[in-house]
> 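Can you keep this structure in mind? I'll have questions shortly.
In this text the structure is predicted, and so the values were computed from the model without any measurement.
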Amino acid sequence: MRPQLTRRGFLRGAGGAALALPMLESAARGAATPGAPPLRLVIYVQGEGNLSKRWLPPTLANDALQLSEMLKPLAAHQQKLTVVSGVSNKIAPLHTSNGHNAPGHTIMSSALVDTTGTGSFDKSIEVKQGSLSLGPSIDHYLADQLKVTEPINLSVGGTGPGENQMWYKVKPAGASGANPVAPLNNDPVNAFQTYLAGLSTGPAATMSRADRFRAQQKSVLDGVLTSFNSLKTQVGSADRIRLQMHADAIRGIEQNLNYVPPVQCSGLTQMLPAGYKAPRGGPYTGMDVQANLMIDVMVNALACGASRIMTLQDTEYDGPLFDFLPVGPVKGWHAQVHNDPSLGLGYASNNDNPTLQAGFLYYASVFNRLLDKMDAIVEPNGATLLDNSLVLWIAEFGDGQTHSPANLPVVLAGGAQGRIKTNRHLARTATTGDLYTSIVNVFGVPATTFGFNGSAGLNNGGITGLIG
């Protein structure tokens, strides 16, 4: 009689399926892709929305993607993009707000705000800058669900996000009230020392990432061969032959390994431009330098395993100077976004303002640089860091001129290890709750809703067609 082999026994005997196994008559289907690096989540948030008419791609047959004017800086990565239009933050209008506080406080949590300061929501009380959320932000929620290291929250601009307070931790089990705010780090040098310099200490300090990978891979191969010998005693004769042939093939692969990951995680150094000064407070100059340094920290931290979940928020949404752009320094950015008549600009819409076009295209260039850096790192599974990640670019408004939290600019990049079909424009009617439900589903969290679900239409089970 053929031995009965349970799924648990099979995985234990095969060392957790560390390498691809031949299909055995005794084993069930459905093993995960072996050897893949962990899937990462990266979020980049800019303020004041975008130029809605210039951002929106055309709606084409079969969800085909044609980049709009404001998305053209991302052309090199089009094959790895999914643009989603029609996503609205329907939580913000449930609040009383000055137009900024409610969208900024709810965009990443899809939760109601603790307007009373006692752990409850009251629509008659206006949302203040220091108000907290009654739910965690998507990054901290996901980290809690996956039981991984707490997300790293970085900023370009200051550490006081003001009206755009977005990141909230998961409150401790049994605690009541609001969720605590997650602090921001806006100093690239401090961020480097905090999250990367520590990789240069300890027993592996003299070992490069490539050396560590080779050592780990060899031990995995030997471990699989050992487990095969044990597993062969539990399967039928046909499967024993398959296992032996596969073991021989594995040893042959080991003899020909020549892959060298390019990132050195020990002995990392940070290159600072001449005359660099740490950010001290607004009005901010040199935001481009700060953004570039932060992106370098982010990408290295992701590649070296300091965190699986990272965010970058441009907190200087109200008055960036853009002194490094040909249109800069810009005065009255906020007023220009709202096409304030007192400026006498003469534009029928903010979509017609060339200064705004240059500023919002700059935000696209920051996102593009992040993708460039991530796509340049090849990981042990042969894919890039970008391929092994899900990267979200979003803003708190769809149309900043009217403070509208409808039709937000949403761009996803990376494909999430093949779990998202890319090079598409998904024109949908959806909510931020739907967007974040789909994102946590990509990471294997079986949620059907995200955030507040106390009114009709806030959660519809995810964004149709995003996954798969």
Side-chain angles (χ1 to χ4, degrees), residues 32-33 35-46 50 55-87 138-139 142 295 298-299 302-303 308-312 361 363-395 407-430 432 434-445 461-468:
T33 303
L39 183 60
R40 288 81 148 196
L41 175 65
V42 183
I43 302 176
Y44 171 54
V45 188
Q46 53 144 111
N50 211 301
W55 179 90
L56 183 65
T59 300
L60 304 176
N62 302 315
D63 295 329
L65 174 60
Q66 178 180 318
L67 296 180
S68 63
E69 177 185 352
M70 304 311 292
L71 295 176
K72 284 291 177 65
L74 308 179
H77 300 288
Q78 179 170 335
Q79 297 299 317
K80 298 184 181 184
L81 299 180
T82 303
V83 178
V84 186
S85 62
V87 176
I138 175 64
D139 58 325
L142 181 60
I295 287 173
M298 290 181 72
V299 172
L302 290 163
R308 285 182 61 184
I309 304 174
M310 299 191 71
T311 71
L312 181 64
L361 282 171
Y363 291 133
S365 75
V366 173
F367 187 63
N368 184 66
R369 187 175 192 275
L370 174 61
L371 301 187
D372 282 346
K373 289 282 186 176
M374 294 181 68
D375 213 24
I377 293 179
V378 180
E379 299 210 281
N381 67 338
T384 70
L385 175 60
L386 179 58
D387 296 325
N388 291 322
S389 302
L390 181 61
V391 190
L392 169 65
W393 174 27
I394 195 171
N407 300 312
L408 303 174
V410 175
V411 179
L412 295 167
Q417 295 178 336
R419 300 173 202 185
I420 291 180
K421 184 180 178 182
T422 56
N423 196 18
R424 295 188 298 163
H425 167 213
L426 304 182
R428 303 289 189 263
T429 299
T432 51
D434 297 329
L435 174 64
Y436 301 142
T437 296
S438 290
I439 287 177
V440 299
N441 289 166
V442 167
F443 283 80
V445 178
I463 293 181
T464 304
L466 179 61
I467 300 176

> According to side-chain hydrogen bond (donor to acceptor under 3.5 Å, both in side chains), who are the partners of Thr311, at least two apart in sequence or on a separate chain?
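side-chain hydrogen bond (donor to acceptor under 3.5 Å, both in side chains) check on Thr311 returns Asn153.
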
> Please name all residues satisfying side-chain hydrogen bond (donor to acceptor under 3.5 Å, both in side chains) with Asn368, sequence neighbours left out, ordered by chain then number.
Asp372

> Considering residues at least two apart in sequence or located in another chain, which fulfil the side-chain contact (heavy atoms from CB on, under 4.5 Å) criterion with Ala427?
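For Ala427 the side-chain contact (heavy atoms from CB on, under 4.5 Å) partners, ignoring immediate neighbours, are Thr59, Ser85, His425.
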
> Any idea which heavy atoms bring Ile377 and Ala303 closest together, and the distance?
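Nearest pair, atom of Ile377 first, then Ala303: CD1-CB, 4.0 Å.
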
> Does the Asn62 side chain pair with the main chain of Ala64, one donor and one acceptor, at a distance under 3.5 Å?
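Side chain of Asn62 to backbone of Ala64: no pair is present.
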
> Partners of Arg369 by salt bridge (Lys or Arg N to Asp or Glu O under 4.0 Å), sequence neighbours excluded?
Asp296

> Can you list the steps and then say if Tyr436 with Leu392 is a side-chain contact (heavy atoms from CB on, under 4.5 Å)?
CA-CA 10 Å; Tyr436 301 142; Leu392 169 65; 4.1 Å; yes

> Hey, could you give me the CG/CZ distance between Leu426 and Arg424, rounded to the nearest 0.5 Å?
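Separation between the atoms: 4.5 Å.
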
> With side-chain contact (heavy atoms from CB on, under 4.5 Å) as the criterion, how do Trp393 and Leu74 come out once you've worked through the C-alpha distance, each side chain's angles and the decisive distance to 0.1 Å?
CA-CA 12 Å; Trp393 174 27; Leu74 308 179; 3.9 Å; yes

> Quick check: closest heavy atoms across Val83 and Pro57, and the distance to 0.1 Å?
CG1-CG, 3.8 Å

> What is the minimum heavy-atom distance between Ala75 and Leu67, and which atoms define it?
CA-CD1, 3.5 Å

> Test side-chain contact (heavy atoms from CB on, under 4.5 Å) on Leu361 and Met70; report intermediate values, then the result.
CA-CA 6 Å; Leu361 282 171; Met70 304 311 292; 3.6 Å; yes

> How would you list, by chain and number, every residue that makes a side-chain hydrogen bond (donor to acceptor under 3.5 Å, both in side chains) with Trp55, sequence neighbours excluded?
none

> Could you pull out all residues at least two apart from Arg428 that satisfy salt bridge (Lys or Arg N to Asp or Glu O under 4.0 Å)?
Asp63

> Checking side-chain contact (heavy atoms from CB on, under 4.5 Å) between Leu81 and each of Thr422, Val411, Leu71, which is the one that passes?
Val411

> If the condition is ring-ring contact (aromatic ring centres under 6.0 Å, His included), which residues does Phe443 pass it with, not counting sequence neighbours?
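Applying ring-ring contact (aromatic ring centres under 6.0 Å, His included) to Phe443 gives none.
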
> Atom CG of Asn388 and atom CD of Gln417: how far apart are they, to the nearest 0.5 Å?
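That separation rounds to 4.5 Å.
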
> For a quick test of reading the model, state the closest non-hydrogen atom pair linking Asn50 to Pro409 and the distance between them.
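What the structure gives for the nearest pair is CB-CG, 4.2 Å.
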
> Can you list every pair that meets salt bridge (Lys or Arg N to Asp or Glu O under 4.0 Å) and has a residue in residues 64-73, with sequence neighbours left out?
Arg54-Glu69

> Under the rule for salt bridge (Lys or Arg N to Asp or Glu O under 4.0 Å), what residues qualify as partners of Lys80, not counting sequence neighbours?
Asp375, Asp387

> Can you tell me how far apart CD1 (Ile439) and CG (Leu466) are? Round to the nearest 0.5 Å.
8.0 Å

> Please tell me if the side chains of Leu41 and Arg308 come closer than 4.5 Å, counting only heavy atoms from C-beta onward.
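The answer is no; the side chains never approach within 4.5 Å.
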
> Does a side-chain heavy-atom distance below 4.5 Å link Ile463 with Val84?
yes

> Can you tell me how far CG of Leu56 sits from CG of Asn407, rounded to the nearest 0.5 angstrom?
8.0 Å

> Minimum heavy-atom separation for Met374 to Ser389, with atom names?
CE-OG, 3.3 Å

> What distance separates Ile138 CD1 from Ile394 CD1, expressed to the nearest 0.5 Å?
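Between atom CD1 of Ile138 and atom CD1 of Ile394 there are 10.5 Å.
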
> Sorted by first residue and then second, give each salt bridge (Lys or Arg N to Asp or Glu O under 4.0 Å) pair with at least one member in residues 407-422; sequence neighbours left out.
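Qualifying pairs, neighbours excluded: none.
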
> Roughly how far apart are Gln79 CD and Leu65 CG, rounded to 0.5 Å?
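Those atoms lie 9.0 Å apart.
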
> side-chain hydrogen bond (donor to acceptor under 3.5 Å, both in side chains) with Thr437: which residues, sequence neighbours excluded?
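side-chain hydrogen bond (donor to acceptor under 3.5 Å, both in side chains) check on Thr437 returns nothing, list empty.
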
> Test side-chain contact (heavy atoms from CB on, under 4.5 Å) on Val442 and Leu39; report intermediate values, then the result.
CA-CA 9 Å; Val442 167; Leu39 183 60; 3.9 Å; yes

> Which atom names give the shortest non-hydrogen contact between Pro380 and Pro37, and what distance separates them?
CD-CG, 4.5 Å

